[in-house]
Amino acid sequence: MITRCLNARQTFSILNTCLLFAGFLSAQAPSRDPAPNPSQSPAARPRPKPASTEAWPAAEVKTGETRFVSQCGFCHGRDATGDQSGLDLTRSQLVADDIRGEKIGPLVRAGRPDAGMPPFRIKDAELQAIVAFIHTQAKKFSEFGGGRRSVDPADLDTGNAADGRAYFNGPGGCSKCHSATGDLAGLASRYHGLILLERMLYPSGQPAPALPKATLTLPSGQTIVAPIAAEDEFSVIVLDPTGTRRTFSKSSVKVKSDDPMDAHFAQLGKYTDADMHNVYAYLATLK
Amino acid sequence: MRNATRALLIAIALAALAAGQNVDSNMLRHPPVDAWLTYHGDYSGQRHSKLSQITPDNVGQLKQVWRFQTGQTQAIKASPILVDGVLYITTPDNLWAVDARTGKERWHYQHPANNAFHIGHRGAAVYKGNVYLTTPDCHLIAFQAKDGKKKWDVVVADSDKGYWSSNAPLVVGNHVLVGVSGDFDNVPGQLKSFDADTGKLQWIFYSTPPAGTAGSKSGGATGGQMWTTGTYDPELNLVFVGTGNPTPVLNGGVRPGDNPWTCSIVALNPNTGKLVWGFQVSPHDTHDWDANEIPVLVDGDFKDQPRRMLMQASRNGYFFVLDRTNGRNLLTVPFATVNWAKGIDSMGRPIPNPAKEPSRDGVLVAPNEAGATNFRPPAFDPRTGLFIVNAQDGYGIYFFKPEHGGYGWAGADYGIAGKSSLRAIDYKTGRIVWDHPIGNGAGTAGVLTTETGLTFSGDNRTSVVALRTGDGKTLWREDTGRMQNAPITYELDGKQYLIFGGGGSLLAFALP
């Protein structure tokens, strides 16, 4: 998270209020686009408690299964426990909180484009049947316990925390940006298991990691520094202090991008598996 | 051109149009400029067009001519087929005939709702007035091209057992070759050939034979599905097909050995379905790295010797050049970040490092499950010898413990991060000649090259791009929505068209 002004001497000229800008970032955490890792397996978490334990008519569940399997199953698994890229819905907090599709319905219809889920145009009755199927599966698997793709926190406890600490402060270079008593203090009480490992390797999901920042040089010579919501070869979309997306064409504006995630990406090519497990073991001590 | 000559040419063209194009074996071998007759456009899989109206000098003037909206949630992942001025385009359960000049719908087939995966569809096939469509629930249906009337409908595989199909069939002679998918169940890998006229089953090739088959060498593996479209060498009379990963997917312990012919390139006799040779690009795969990427056929020199070659940029991160007459390896070199192999064996196959097999505490592996490339077809530019592929440098973590069992996925893996590029490989050495970044994550767009030195593809956001083939420099772009298929090109009425998928739309571009 960026919670401080990126550079006090460079000001955001559009609204020109660095403090507002910082305030916006800490209040809202816009997701990165495109999301590099939409799969955040909740398999390591305890199952959320459902808001409703309603039973559904078998025929409706069966219809829902047909539609779910064909439209949702490749990503979320035929049994809704997650597959190639989608969440295990039987462990989803949103599903647990849902009553008769009030939360699932809008999400299905809007999609989660940043996480790779398209919007679905679907009739009310079909949606209700899918909702019935998901809830039935969530109930079934909570009774079974376990999970088909589970990675338990204990599975990951093979590293050496002292070696991990040495790597963190030494060859890993982690301490160039992070501190066990600063930004990472209490990390292991916020994340554990697979989620901690994934966020250690390449932070994504919510809360969002630090956004890349763009330094824009306008034709006038004026300079703007702003967080990047999206960027490609042709344009950069930055967030102004109100959170509004503003697009600049690279044909008219000079853009220098600085992505703190680049260091994480480069590190993926350097870790040995032992390094990875050691650093994880070290971070798991930061309670 | 003088008016009289032009009028005469138009008259001839109209007469030809009235008669209709007879898509027979000869035309499939020598497709005319006003057609795109197979998934790849021709049998070579090069996706290189000889058309030359659009050049590096004028590509900046390209304008949209029409846009066809499927109205479906699913993006277009298919390559359109063009015959008789009509495009055939698909999404799962859907086939449209669209006027190639106007983008207007001629007819539409909607398959009944079914309980099979609807993850994408690669396209239709045509032969002698028929259009062939595979469906998610593994039917192969033949339609009358002119009006969409159904002629026959056969079942390719049992979708209740976990098969589905997204396949664009390959027509060779009177054979319609159809592949299926199936990663989530332990089912044999099969490619089937059907009679193009009647739909009668002709043969089955098993990449992993059904349990109990005498002499099976698969080591107990199932899978190895052939879900992409193969290529064909008429002179050798060989069909070349990439095969998918073995199942169970991440648990290799229950299927010892190399597991042929999974993650392989196989050469088959199209008349019999018999294996002539096989080359395994990932022996004993435990990372879901299908070798289904297009086996591109190229004739040219390799180390100063004329060769009939086959090239594949594979999902496992390695670029392979084979002698396609016998399957012998000429070159194996990585084209993207890899960390899973200990070296290359005497046959040119990467040697898997056991330390990178999925484990209880997880291993960090490059590439990730999405692969160094995937379904998106590459192109080969014969002028420069560049093989251009939508590549990804990526990392994932792979887990397996006995509790995950031995059925279906049998493990857990998570993509961590990736960066994509359009990447040009010199086929003679494997050297990366240029690298054109297109964004984070895995790409989705295929590639087309043209004789004038243009490369068309899409980035990871919403742009279609034209690059200069020689150096990868951007010459044109247009905001079309994310491309999830490969571009095609053809000439109609003297005008060169480019067709791209953008989300759920098909878009036609041409010079004004």
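Residue numbering restarts at 1 for every chain, and letters A, B, ... go by the order of the sequence lines.
With a 4.5 angstrom heavy-atom cutoff, I122(A) does not touch chain B via any of its atoms. Only the side chain of D262(A) comes within less than 4.5 Å of a heavy atom in chain B; its backbone stays farther off. Within the 4.5 angstrom heavy-atom criterion, only backbone atoms of A355(B) (N, CA, C, O) approach chain A. Using a 4.5 Å cut-off between heavy atoms, N114(B) contacts chain A through its backbone alone, with no side-chain atom that close. A366(B) does not touch chain A: none of its heavy atoms, backbone or side chain, sits under 4.5 Å away. In this structure, the portions of F120(A) lying under 4.5 Å from any heavy atom of chain B include both its backbone and its side chain. Of the two parts of T462(B), neither the backbone nor the side chain holds a non-hydrogen atom closer than 4.5 Å to a non-hydrogen atom of chain A.
The backbone N or O of G71(B) lies less than 3.5 Å from a partner atom in the side chain of R121(A), making a donor-acceptor pair.
The CG atom of D155(A) sits 8.0 Å away from the CG atom of D361(B) when rounded to the nearest 0.5 Å. Atom OG of residue S204(A) and atom CG of residue N440(B) lie 11.5 Å apart, to the nearest 0.5 angstrom. Rounded to the nearest 0.5 angstrom, K270(A) NZ and L364(B) CG are separated by 13.5 Å. Remark: D152(A) CG to E403(B) CD distance equals 7.5 Å, nearest 0.5 Å.
Looking only at heavy-atom pairs under 4.5 Å with chain A, the residue among R360(B), Q72(B), Q74(B) that has the most is R360(B). Taking chain A as the reference chain and counting heavy-atom pairs below 4.5 Å, the highest number among N368(B), D137(B), I397(B) is found for I397(B). Heavy-atom pairs under 4.5 Å with chain B were tallied for R67(A), E65(A), H264(A), Q71(A); the largest tally goes to R67(A).
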Exercise. After noting the C-alpha distance and the side-chain angles of D479(B) and F234(A), does the key distance pass the side-chain contact (heavy atoms from CB on, under 4.5 Å) rule?
Worked result: CA-CA 10 Å; D479(B) 211 345; F234(A) 312 104; over 6 Å; no
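Scanning both residues, K401(B) and V151(A), for their nearest heavy atoms gives NZ-CA, 4.3 Å. L268(A) and A417(B) make their closest contact through CD1-CB, 4.1 Å (heavy atoms, listed as atom of the first residue, atom of the second, distance). R78(A) approaches F184(B) most closely through the heavy-atom pair NH2-O, 3.6 Å.
For the side-chain contact (heavy atoms from CB on, under 4.5 Å) test with D232(A), the passing option among V465(B), I438(B), D459(B) is D459(B); the others fail.
Taking the side chain as every heavy atom from C-beta outward, Y414(B) and L197(A) never approach each other to under 4.5 Å. Within the 4.5 Å cutoff, the side chain of V363(B) has no heavy atoms near those of the M276(A) side chain. Between L156(A) and F399(B), some side-chain heavy-atom pair lies under the 4.5 Å cut-off.
In K250(A), the NZ atom is crowded: over 12 heavy atoms of neighbouring residues, nucleotides or ligands sit closer than 6.0 Å.
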